[in-house]
Amino acid sequence: MLTRYKKNHEKIAMGLLSFMPKEKDVKQLMATIKSYENDENQKLFLWKEDDDFIGIIGVRLLGNNKCQVQHICVSPSHRNQGVGHKIVEHLHRIYPAYDFSGNEDVTEFYDKCINLSKR
Ligand SMILES: CC(C)(COP(=O)(O)OP(=O)(O)OC[C@H]1O[C@@H](n2cnc3c(N)ncnc32)[C@H](O)[C@@H]1OP(=O)(O)O)[C@@H](O)C(=O)NCCC(=O)NCCS
């Protein structure tokens, strides 16, 4: 299930976000987490299975009911089992009235999820 990020998730969230190619630097990661904590238009969710947080997705609400996915990561030991697709599907359920897109950092995977759901 998708759970809204809370301050006590900071370490696990940073660990998961660090799998994004642009989030390798600790200073960058800290800045990213702070911007999710402080900007009410940016929302971060963790994916929990069997009591473990194994995935993360971060979005920016852009106005006009538009929502851009900025980050998506799954822990390496849980990849290629459909978790990434499930995270995207559940995000869409959280914001049913929104028009989604992926930013340049996630577009390759996000577009794949969207194309599959249209088939
Ligand atoms: C991208 C990511 C979230 C996918 O998570 P996952 O749980 O393994 O995804 P799923 O199991 O739902 O889907 C697996 C499919 O996505 C594909 N995929 C994995 N990474 C991909 C990428 N960067 N771009 C496009 N497709 C990708 C796999 O090849 C697989 O394809 P197949 O179904 O045709 O075999 C995960 O690989 C990850 O955390 N990567 C590091 C972070 C990252 O680079 N995020 C941005 C990706 S653009």
Side-chain angles (χ1 to χ4, degrees):
M1 67 181 230
L2 270 188
T3 310
R4 263 302 286 282
Y5 168 83
K6 294 195 190 85
K7 183 77 182 156
N8 63 326
H9 298 138
E10 188 175 74
K11 282 205 174 68
I12 184 77
M14 282 176 67
L16 288 165
L17 283 172
S18 72
F19 295 118
M20 291 292 301
K22 286 191 184 165
E23 301 287 349
K24 300 293 176 204
D25 175 66
V26 178
K27 275 191 189 155
Q28 174 59 49
L29 263 176
M30 294 290 288
T32 298
I33 283 284
K34 292 292 164 228
S35 69
Y36 277 112
E37 288 175 356
N38 299 329
D39 179 353
E40 61 177 27
N41 292 317
Q42 292 192 68
K43 314 279 184 196
L44 196 57
F45 299 88
L46 292 154
W47 181 259
K48 196 175 188 180
E49 268 182 27
D50 300 329
D51 286 337
D52 289 325
F53 290 112
I54 60 167
I56 195 160
I57 191 161
V59 302
R60 181 187 291 274
L61 305 178
L62 297 169
N64 289 338
N65 278 14
K66 291 196 190 315
C67 181
Q68 188 175 59
V69 180
Q70 310 185 118
H71 296 97
I72 180 162
C73 303
V74 170
S75 78
S77 55
H78 292 86
R79 287 186 193 162
N80 294 309
Q81 297 167 36
V83 174
H85 282 76
K86 272 195 273 184
I87 292 175
V88 168
E89 189 190 319
H90 281 246
L91 176 77
H92 290 176
R93 285 192 213 156
I94 291 175
Y95 297 111
Y98 277 73
D99 204 3
F100 282 88
S101 62
N103 77 359
E104 59 173 16
D105 301 331
V106 305
T107 194
E108 213 182 314
F109 179 70
Y110 183 75
D111 289 354
K112 189 168 189 169
C113 295
I114 297 297
N115 290 336
L116 268 184
S117 70
K118 279 184 187 157
R119 271 186 219 158

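Both ligands and their constituent atoms are indexed starting at 1 by order of listing.
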- [ ] Measure across Ile87 and Val74 and return the closest heavy-atom pair with its distance rounded to 0.1 Å.
- [x]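 Nearest heavy atoms, Ile87 then Val74: CD1-CG2, 4.1 Å.
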Task: Contact summary for Gln68 and Leu62, nearest pair of heavy atoms - done: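 What the structure gives for the nearest pair is CB-CD1, 3.9 Å.
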Considering only heavy atoms of [X], which atoms of ligand 1 have at least one such atom less than 4.0 Å away?
X      : value
Pro21  : 44 (O)
Phe19  : 41 (C), 42 (C)
Val106 : 48 (S)
Val83  : 7 (O), 11 (O), 12 (O)
Gly82  : 10 (P), 11 (O), 12 (O)

Any nitrogen or oxygen of [X], side chain or backbone, less than 3.5 Å from one on ligand 1?
X      : answer
Met20  : no
Val74  : yes
Thr107 : no
His85  : yes
Ile72  : yes
Gly84  : yes

- [ ] Look at the side chain of Lys24 and the backbone N and O of Ser18, then say whether any donor-acceptor pair between them is shorter than 3.5 Å.
- [x]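 It does hold such a pair.
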- [ ] For the pair Asp52 (side chain) and Ile54 (backbone), establish whether a donor and an acceptor sit closer than 3.5 Å, ignoring hydrogens and angles.
- [x]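 No.
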Open item on the list: Is Asp105 close enough to touch ligand 1? Criterion: a residue heavy atom under 4.0 Å from a ligand atom.
Closed with: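 The answer is yes, since Asp105 has a heavy atom less than 4.0 Å from ligand 1.
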- [ ] Give the contacting part of Cys113 toward ligand 1: side chain, backbone, both or neither, where contact means a heavy-atom distance below 4.0 Å.
- [x]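 None of Cys113 does.
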Open item on the list: Test of understanding: given a 4.0 Å heavy-atom threshold, classify the contact between Gln81 and ligand 1 as side chain, backbone, both, or neither.
Closed with: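 The answer is the backbone.
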- [ ] Quick one: sort the His92 and Tyr110 rings into parallel, tilted or perpendicular, breaks at 30° and 60°.
- [x]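 Ring orientation of His92 relative to Tyr110: perpendicular.
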Open item on the list: Can you classify the ring geometry of Phe100 versus Tyr98 as parallel (below 30°), tilted (30 to 60°) or perpendicular (above 60°)?
Closed with: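 Correct class here is tilted.
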TODO: Have a look at Glu23, Lys112, Lys86 and point out the one with the heavy atom closest to atom 33 (O) of ligand 1.
DONE: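 Among Glu23, Lys112, Lys86, the closest heavy atom to atom 33 (O) of ligand 1 comes from Lys112.
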Task: Pairing of Lys112 and Glu108 as salt bridge, 4.0 angstrom limit - done: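 Not counted as a salt bridge, because no side-chain N and carboxylate O are separated by less than 4.0 Å.
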Open item on the list: Salt bridge or not between Lys34 and Glu37? Use side-chain N to carboxylate O under 4.0 Å.
Closed with: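 Yes, this pair counts.
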- [ ] Give me the one residue out of Gln81, Glu49, Met1 that meets side-chain contact (heavy atoms from CB on, under 4.5 Å) with Lys86.
- [x]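 Of the listed residues Gln81, Glu49, Met1, the side-chain contact (heavy atoms from CB on, under 4.5 Å) partner of Lys86 is Glu49.
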Task: Partners meeting ring-ring contact (aromatic ring centres under 6.0 Å, His included) with Phe45 (sequence neighbours left out) - done: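 With sequence neighbours excluded, Phe45 shows a ring-ring contact (aromatic ring centres under 6.0 Å, His included) to no residue whatsoever.
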